[in-house]
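I have placed the structure first, in the form of structure tokens, so that the comments after it can refer back to it.
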Amino acid sequence: MRLLAMALTVAVLGGTGEARQPAAGRPMLVIHGGAGTITRGSMTAEREKEYRAALEASLRAGHAVLARGGSSLDAVEASVRILEDHPLFNAGKGAVFTHEGRNELDASIMDGRTMRAGSVAGVTIIRNPISAARAVMERSKHVMMAGRGAELFATKMGLEVVDPSYFWTESRWKSLQRQLLRDAEQQPPRTEGLPGEGTKFGTVGAVAVDREGNLAAATSTGGMTNKQFGRVGDSPIIGAGTYAANESCAVSGTGHGEFFIRWTVSYDIAALMKYRGLSVQQAADEVINRKLKGVGGEGGVIAVDGKGNIAMPFNTEGMYRGWIGPDGVPHVAIYRD
Ligand code: ASP
């Protein structure tokens, strides 16, 4: 079984070109900007440059925190805030639209040192939901707050509040219109979009280990285009879209949230490490490329362990991702190979 998992890991590493991964070492930060039908053919040079620049900016922001001896928790929040403020990613500013033409955002954060966690779901006026999730974790007695209550809490905590129109972007609006048309014509969903957008999964996330060996994970999303009736995905659910425990790993996911919830993806990866002794790469591959793939659950994760070993498997055509280690050089990858 162990041998099989190892063979699988080697195959997957070869297939995704992630053999460029650095040797393990602390501190380490890994980010993602969503997985899906992301191919060279669907990307313009201009658009790819924008994605790369945004991912590098996010890596640098997180690394700056780690390099000055800051905590992994501060690093993942800093990285995710950069991606939330960027219109290309389905989180914060670039959030997708619900069926009713609203933007309802979800986010969560977890501290692997203390096992504390915080999350918000279905918020519409908080500029940076990841910071609201952190406020829930640190400044309330609760783990998860939803809707109006979460917004009241964040406002009371002094977080930046914006008019819902802040989240309106033309490309996301057009995506919704296309989806509504398809629904009316009863066509199956497709993943077309802007050049290089090419996907319905655009969640952002970050995982990190700091100098002390403490792990943290953060995830933020607008959810899925055309979601209905207050639908909440995996991103704000601890153990599904986000998980961190010093004894195993930190994980952030992107993909079809309903599958990530039912297969408790993030916790499952941690559990495989803890109870079966798998490495972070083996555990993440097992869940993404075997379990999820086997049931048609599309997506990917980023993960890091306490030594700075990282994994970034995905079972889609591409995943926006990047990592930065102690040398401070940002690495970004988009396609399968
Ligand atoms: N996982 C997110 C959700 O289901 C979507 C994404 O990754 O883009 O809400």
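Starting from 1, each residue takes its place in the sequence as its number. In each ligand, atom 1 is the first atom listed, and ligand 1 is the first ligand listed. Fair warning: this is a prediction, and the values are worked out from it, not measured in the lab.
Counting heavy atoms only, Asp234 comes closest to atom 3 (C) of ligand 1 of the residues Val96, Thr221, Asp234.
When side chains are defined from C-beta on, Leu29 counts as touching Ser79, because their heavy atoms get closer than 4.5 Å. When side chains are defined from C-beta on, Val265 does not count as touching Asp234, because their heavy atoms never get closer than 4.5 Å. Using a 4.5 Å cut-off on side-chain heavy atoms (C-beta onward), Met273 and Ser279 make no contact.
For Gln228, the CD atom is densely surrounded, since the number of other residues' heavy atoms within 6.0 Å is greater than 12.
Numbered from 1 in the order shown, with element, the atoms of ligand 1 that lie under 4.0 Å from a heavy atom of Thr203 read 1 (N), 2 (C), 5 (C), 6 (C), 7 (O), 8 (O). The ligand atoms of ligand 1 that sit less than 4.0 angstrom from a heavy atom of Gly223 are 5 (C), 9 (O). Which parts of ligand 1 touch Thr254 is read off a 4.0 Å heavy-atom cut-off, strictly below it: atoms 6 (C), 7 (O), 8 (O). Close contacts of ligand 1 with Gly257, meaning ligand atoms under 4.0 Å from a residue heavy atom, involve 4 (O). Counting the atoms of ligand 1 from 1 in the order shown, those under 4.0 Å from a heavy atom of Gly255 are 1 (N), 2 (C), 3 (C), 4 (O), 5 (C), 6 (C), 7 (O). The distance from ligand 1 to the heavy atoms of Gly202 drops below 4.0 Å at these ligand atoms: 6 (C), 8 (O).
Any N or O atom pair closer than 3.5 Å counts here, and Arg231 shares at least one such pair with ligand 1.
The pair Arg134-Asp74 counts as a salt bridge, with a side-chain nitrogen and a carboxylate oxygen less than 4.0 angstrom apart.
Looking at Glu104 against ligand 1, nothing comes within 4.0 Å, counting heavy atoms.
A side chain to side chain contact (heavy atoms under 4.5 Å, CB included) with Lys227 is found for one member of Glu100, Glu104, Arg102 and no other, namely Glu104.
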Going through the checks in order, is the salt bridge (Lys or Arg N to Asp or Glu O under 4.0 Å) test met by Lys291 and Glu286? CA-CA 6 Å; Lys291 289 191 181 184; Glu286 167 82 5; 5.4 Å; no
